[in-house]
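Each chain gets a letter, A, B and so on, in the order the sequences are listed, and its residues count up from 1.
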Amino acid sequence: MSDVRVRIAPSPSGNLHVGTARTALFNFLYAKKTGGKFILRIEDTDAERTSQAYIDNIFDSLKALGLNWDEGPDVGGEYGPYTQSERFDIYPKYVQKLLDDGFAYECFCTPEELEAEKEEATKNKKPYVYSKRCENLTDEQKEQFRKEGRKPAIRFSIKKAQEAFYDNPVIHFTDMVKGDLHQDTSLIGDFVIMKSNGSPTYNFAVVIDDMLMKISHIIRGEDHISNTFKQILIYKALGAEVPEFGHLGMILAPDRSKLSKRHGATAVSEFVEKGYLTDALLNFVALLGWAPADGVEIRTVDEIAKDFNIHELSASNSIFEYDKLNWMNSQYIKKLSTEDLKERLKPFLTKYDLSELNDEQYTRMINATREPLTILSDITDAVPYFFGEDVEIDEEAQTKVLDTDTAQDVLKTFVDMAEDWEWTEENLHQKLEDFRTMYKEKGVKAKVTMWAIRAAVTGRTCGADMVQILMVIGKDKTMKRAKKAIK
RNA sequence: GCUCCCAUCGUCUAGAGGCCUAGGACACUUCCCUUUCACGGAGGCGACGGCGAUUCGAAUUCGCCUGGGAGUACCA
């Protein structure tokens, strides 16, 4: 078996999409599993839509996901350059070869003429297939067009290629995930491989690049299936070895439409900004189409790679549901060390003055509030009461708790007694327990007792463990807030 | 319109003729734990799109229908 070489070839017309990330992951896994190479190629032939910011975003996102490439624009490699726009000078040679071998021809049709053909086809409810009117132009006719100032595009002759390599116009290939796939080539129009401005089209450039980069397996979205037939014909016409193909189902939004901006985040970087961990995102996206044999869903890329088999991927589309991603993210957050979490949470705490807390207090706050975090940004609204002298009392805490006679009584007693308490974790734990017991004997439920203190000190009816809160806030602030809540 | 792909709980999936009164995970829900929220633990709800065919036997094979998705550019 020849060396496995797979690639991810994003087009920098946007930030790295989660769908692209999943495709990259499956390629990466395949390379890892087979000991092959994973290559990154930037397909920026459409200068109009390309921007450096997007290229940077693609690099950064892929790196953040840990999908490191063996060859690519930045790291180089034997078969560079790995940026398509830097490869423009190598395509004409292959166009010429196709021209010489009769697999391609010049087309002088104007956009208007092409448009008219298309309209005619739709009017007659016929599928549009290029008329091939330029396939057998005489030299005189070509000369005439050139005199008119027309510049030719180069089209690939589907029929010539088909007849040269297949007995039947219906051609087949075996897809690694979908199995036998077929297409009637007579329905494929002679597509342009080189635009009149001299730049190659996608279908041509990919083949040349994949061929020259010795890509052995092409794993990509199923939206490329129709391209695959065209590309196979080009490989054949060029006398090149046709790689293996594997087409993945698409990722759809919950409404079954294409995952787009209106559904929320679509780019990996957007998920990160929202507080998703790249490991969780990658793990989640791996499960869209792949299932672990042992049922253990939370696993690292290495663990996935061990059991990964491209032939076991699901052939169908899958829907991107936040519920499971959220759950997975919370699981990954739980596994983070305190030190790690402390750092990762800082970007989401910028609205607070962290200098109010020393390291011990900050650590304590994080440990006390980390449990319910689904995404890192949840921390923002979970900790306001740890900062500032006073707290904002929310409505529920005020009316349902602080306004009650019981709460007022509890607070008065608390203020009296706590004045003498030694402010250590162990002691507070004991004192509060005794406090609850005392009230329980008066017929006040433990949680009602605690609610009063919590409402006064945090302004809320729920939150982190009270002992931890008191430890972080300190005795002075606690007493101050408690007194303030007493009417 | 035409072509191609796909089709198991709401979602992600296991299942490659009898092991399936269809398994797991998320979500939802009940209970337990508990100073609140949560976490955790134990349960529950919940699916083979329809119709034919093959077979002693079909979620698993075949056909048709239906539904969903994709492609149909001198975009990638």
Side-chain angles (χ1 to χ4, degrees), chain A residues 9-13 43-46 48-50 84 107 109-111 114-115 118 121-122 124-130 151-155 175 178-179 181-184 187-189 191-203 205-206 221-229 247 249-250 252 254 256-258 284 287-298 312 314-328 330 334 369-374 382 401 429 432-433 435-436 445-455 458 460-467:
Chain A
S11 145
S13 55
E43 308 213 324
D44 58 346
T45 46
D46 187 0
E48 289 282 309
R49 299 195 298 162
T50 294
Q84 232 165 26
C107 170
C109 294
T110 63
L114 261 14
E115 196 51 46
K118 264 179 239 176
T122 39
N124 299 329
K125 299 204 168 179
K126 287 259 183 70
Y128 170 67
V129 177
Y130 173 62
K151 282 200 173 145
I154 311 297
R155 286 183 187 269
D175 188 273
K178 287 174 188 282
L181 259 30
H182 69 277
Q183 172 70 237
D184 182 349
L187 265 18
I188 306 174
F191 58 97
V192 170
I193 56 175
M194 170 109 17
K195 303 176 198 174
S196 53
N197 68 9
S199 65
T201 61
Y202 165 75
N203 272 308
V206 233
E222 69 173 34
D223 48 338
H224 283 286
I225 291 179
S226 59
N227 288 327
T228 302
F229 295 97
H247 291 91
M250 316 285 320
L252 268 26
R256 292 181 185 282
S257 67
K258 207 161 150 184
F284 169 71
L287 260 21
L288 262 29
W290 179 81
D294 60 6
V296 179
E297 296 189 322
I298 298 206
E312 287 171 356
S314 165
S316 46
N317 294 338
S318 40
I319 291 172
F320 191 102
E321 283 279 6
Y322 272 83
D323 282 336
K324 190 147 186 175
L325 170 62
N326 286 339
W327 168 78
M328 190 155 278
S330 73
K334 283 187 216 322
T369 54
R370 64 181 294 171
E371 196 63 53
L373 298 180
T374 296
V401 182
H429 189 81
L432 280 176
E433 198 176 317
F435 193 81
R436 285 194 294 275
K445 281 185 187 166
K447 74 168 149 184
V448 174
T449 307
M450 295 303 283
W451 259 333
I453 300 170
R454 179 181 295 280
T458 72
R460 303 180 165 197
T461 51
C462 59
D465 178 81
M466 272 318 296
V467 173

Among B:A76, B:C74, B:C26, the nucleotide that comes nearest once only the side chain of A:Thr45 is considered: B:A76

Side chain A:Thr201 and base B:C74 donor-acceptor under 3.5 Å: no

Donor-acceptor contact present, side-chain A:Asn326 to main-chain A:Thr374, <3.5 Å: no

Candidate nucleotides B:C6, B:C74, B:U13, ranked by approach to the side chain of A:Ala291 - the nearest: B:U13

Closest to side chain of A:Arg49, choosing from B:G1, B:U11, B:C75: B:C75

Interatomic distance at P, B:U61 relative to B:G24, whole Å: 23 Å

Among B:G71, B:C5, B:C26, the one nearest A:Asp223 by side-chain distance: B:G71

Side chain of A:Tyr202 - closest among B:A76, B:C4, B:C37: B:A76

Sugar-phosphate, base or nothing in reach of A:Asn227, heavy atoms under 4.0 Å: base

B:C51 versus B:C45 - spacing of their P atoms, nearest Å: 25 Å

Minimum heavy-atom distance A:Leu287-A:Pro292, with the two atoms named: CD1-CD, 4.1 Å

Nucleotide forming a Watson-Crick or wobble pair with B:U21, both distances under 3.5 Å: none

Atom-pair distance (CG on A:Leu288; P on B:G69), nearest Å: 17 Å

Shortest side-chain distance from A:Ser318, nucleotide among B:G71, B:U11, B:C12: B:C12

Integer-rounded Å distance: B:A76 C1' and A:Lys258 NZ: 11 Å

Selection from B:C5, B:A25, B:C74 that lies nearest to any side-chain heavy atom of A:Trp327: B:A25

Protein-nucleotide distance (A:His247, atom NE2; B:C4, atom P), rounded to Å: 16 Å

Sugar-phosphate only, base, or nothing, as touched by A:Gly249 at under 4.0 Å among non-hydrogen atoms: nothing

Euclidean distance, atom CZ of residue A:Phe229 to atom P of B:A70 [Å, nearest integer]: 18 Å

Partner nucleotide, any strand, of B:G1 [Watson-Crick/G-U, under 3.5 Å]: B:U72

Sugar-phosphate, base or nothing in reach of A:Lys445, heavy atoms under 4.0 Å: nothing

Position toward the 5' end of RNA chain B (nearest nucleotide), A:Gly179 or A:Leu432: A:Gly179

Any strand: nucleotide that pairs with B:C26 via Watson-Crick or wobble, under 3.5 Å: B:G10

Nearest listed nucleotide, side chain of A:Leu181, among B:U35, B:C5, B:C74: B:C5

N or O in side chain of A:Arg155 less than 4.0 angstrom from B:C74 OP1/OP2: yes

A:Lys334 side chain to A:Glu371 backbone, donor-acceptor under 3.5 Å: yes

C1'-based separation of B:A14 from B:C20 [nearest Å]: 12 Å

Side-chain (A:Arg454) to main-chain (A:Arg460) donor-acceptor, under 3.5 angstrom: no

Options B:C75, B:G69, B:C5, nucleotide nearest the side-chain atoms of A:Lys178: B:C5

Note, A:Ile298 side chain near A:Trp327 side chain (heavy atom, < 4.5 Å): yes

Distance test, side-chain N/O of A:Lys195 to OP1/OP2 of B:A76, below 4.0 Å: yes

Sugar-phosphate, base or nothing in reach of A:Asp465, heavy atoms under 4.0 Å: base

Sugar-phosphate, base or nothing in reach of A:Ala464, heavy atoms under 4.0 Å: base

Whole-Å distance separating the CD1 atom of A:Ile319 from the C1' atom of B:U11: 7 Å

5' priority, RNA chain B, between A:Glu371 and A:Glu222 [closest heavy atom]: A:Glu222

Interatomic distance where CE belongs to A:Met194 and C1' belongs to B:A73 [whole Å]: 17 Å

Note, A:Tyr202 side chain near A:His224 side chain (heavy atom, < 4.5 Å): yes

Integer-rounded Å distance: B:C75 P and A:Gln84 CD: 13 Å

Which nucleotide in B:A76, B:A27, B:A73 has an atom nearest any side-chain atom of A:Lys118: B:A73

Nucleotide paired to B:C33 in any strand shown, Watson-Crick or G-U, under 3.5 Å: none

Short side-chain N/O contact to B:C4 OP1/OP2 from A:His224, under 4.0 Å: no

Touch class at under 4.0 angstrom, heavy-atom based, for A:Gln183 against every strand present: sugar-phosphate

Phosphate-side-chain proximity, A:Arg256 and B:G67, N/O vs OP1/OP2 below 4.0 Å: no

Nucleotide B:U72, atom C1' - distance to OH of A:Tyr128 in whole Å: 11 Å

Sugar-phosphate only, base, or nothing, as touched by A:Gly289 at under 4.0 Å among non-hydrogen atoms: sugar-phosphate

Ring center gap for A:Tyr130 and A:Tyr128 short of 6.0 angstrom: no

Contact check, side chains of A:Ile453 and A:Leu432, non-hydrogen atoms, under 4.5 Å: yes

Phosphate contact (B:U13 OP1 or OP2) by A:Lys324 side-chain N/O below 4.0 Å: no

